[in-house]
K.L.:
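Starting off with a structure, shown below.
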Amino acid sequence: MRPCAGMRLILYDSASRGNVPFAPADPERVRIYTCGPTVYRYAHIGNLRTYLLTDLLVRTLRFLGYGTFAVQNITDMGHMHQEQLEAGEDKVIAAARAAGKSGREIARFFTEAFFRDCGRMAFLPADAYPRASEHVPEMIALVRALEERGAVYGEGGYLYFDVTKAPGYGIFSGGVLGETTPAERTDERIHGHKKRPEDFTLWMPAEPGREFQWESRWGPGWPGWHIECAAMSIRYLGPEFDVHVGGADLRFPHHENSRAVVMTATGKTFAALWLHAAHLLVDGKKMSKSAGNEYTLDDLVSRPRSGGNGYSPGDFRYCCLTLHYSSPMNFTWEGLEAAARARSRLQGAFRRAALQGTSGEDVAAALRSEFRGAISDDLNIPRALAVAHKAVRPGIGGEVARALAAEWDPVLGVGLLPEAEGDRGAIGARDGEPEGVPPAVEAMARERETRRRARDYPAADALREKIRAAGYDVVDAEGGTAAFRKIPGIGTPER
Ligand SMILES: [Zn+2]
């Protein structure tokens, strides 16, 4: 299908800081790169909101008749020095290490957890999920290419990128060289040899005992973070592609630096357009482990609600859809409750309308045009959602209601009608259900459910840890505890 003419898709490009008419090189294959998860922890709801942006972009493009090819990387090698790791700076890793698990096993576990979250959020699967650890030869080749262009210097096995060699450096930071304070500045051992604060590490020597290390012409070592995304985007999309998506917090230094690497090494323009998802706060505060407000999808799903049923991932998805991706989101339980009710109202209205006699043909065209106009206006999903609510006021019924639901839900993914695309995620289906859960584990899960409903969270959490220690995880679903899954290769990861 050719993209529909007449209503141009406009997107806000955060590199040029303006709205631009979308003009991909090949409308049949719009190439998209999204910075993916670091798989040493569960994704929190802020991460999920960022990944939702790619999902909405892809769904919108398909609705408008474009073909897409989306890539999301998985950062699966430890970006920590061995002694930091052993000092237990990351509790999850420290716990897994103490249980004798390797970095690769930990990464595998959290990669699965990520896919499961994607499925529950009804994200359309990407066309490729490259793992950083499987693309180190490409990263080494890229550092070589930078060397040949005179953009690399180093000492003692450390290699740095000289940002003065990068065309247009500072597009995201807006900063003047020498005046910015990149986050990476603190580690003197790594950065002691740098000529200027913006220069960044391309390659580091492997310290004794390091699990993730590779042979290279500079000795055994490991790549810096920014070169990873640069190498994987080139590998899967080429040095020029259509849209780069990521969280606003990655704008600088990560996006600035991956862009600098690709442009300097290839002389090409890298991403034509940049989309950045605004951050998410919880109760007006930044999420953090220490504040106890770094919520995961499981935290939302297992939160009891008055009236029985818990929240579903679809409720959180809906909650995110009520706000434009470029607006910072303040997550509150009240907001989630309101979203869950609104979603249920919308679903109920569509179900009732579908059962009525067919009517409303005359107004459907205007509604369709409004919906298309909303999503074409920099993915204005809140407005599109408002159109959906408007459509099921009295006057529209039967075939018309069913047709609108079938057209719009592939964009919204909130389950307007049972047969429309809803919570079902393509990836989630891959999660194997375990065979034969031991009775003792089942008993613990039942007890946990009782405690949870009584809001005795400490007891419920303790039971969950025991279940995990037995090698299982318990998955909460709408209406109560639903399923178990075997934890592959790992015993008891902490949250
Ligand atoms: Zn990235």
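Remember, it's 1-based here, ligands and their atoms both numbered in the order they're listed.
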K.L.:
Parallel, tilted or perpendicular: which describes the rings of Phe241 and Tyr33, with under 30° parallel and over 60° perpendicular?
P.N.:
tilted
K.L.:
May I ask you to check whether Tyr160 and Phe200 place their ring centers less than 6.0 Å from one another?
P.N.:
no
K.L.:
Taking the ring of Tyr153 and the ring of Phe161, is the distance between their centroids below 6.0 Å?
P.N.:
no
K.L.:
For the Zn ion (ligand 1), which protein N/O/S atoms fall under 2.8 Å? Skip waters.
P.N.:
Cys35 SG, Cys229 SG, His254 NE2
K.L.:
Is the distance between the ring centroids of Phe316 and Tyr295 under 6.0 Å?
P.N.:
no
K.L.:
Which pairs pass ring-ring contact (aromatic ring centres under 6.0 Å, His included) with one or both residues in residues 10-32, sequence neighbours excluded?
P.N.:
Phe22-Tyr66
K.L.:
Could you check, using the six-membered ring where one of them is a Trp, whether Phe331 and His44 have ring centers closer than 6.0 angstrom?
P.N.:
no
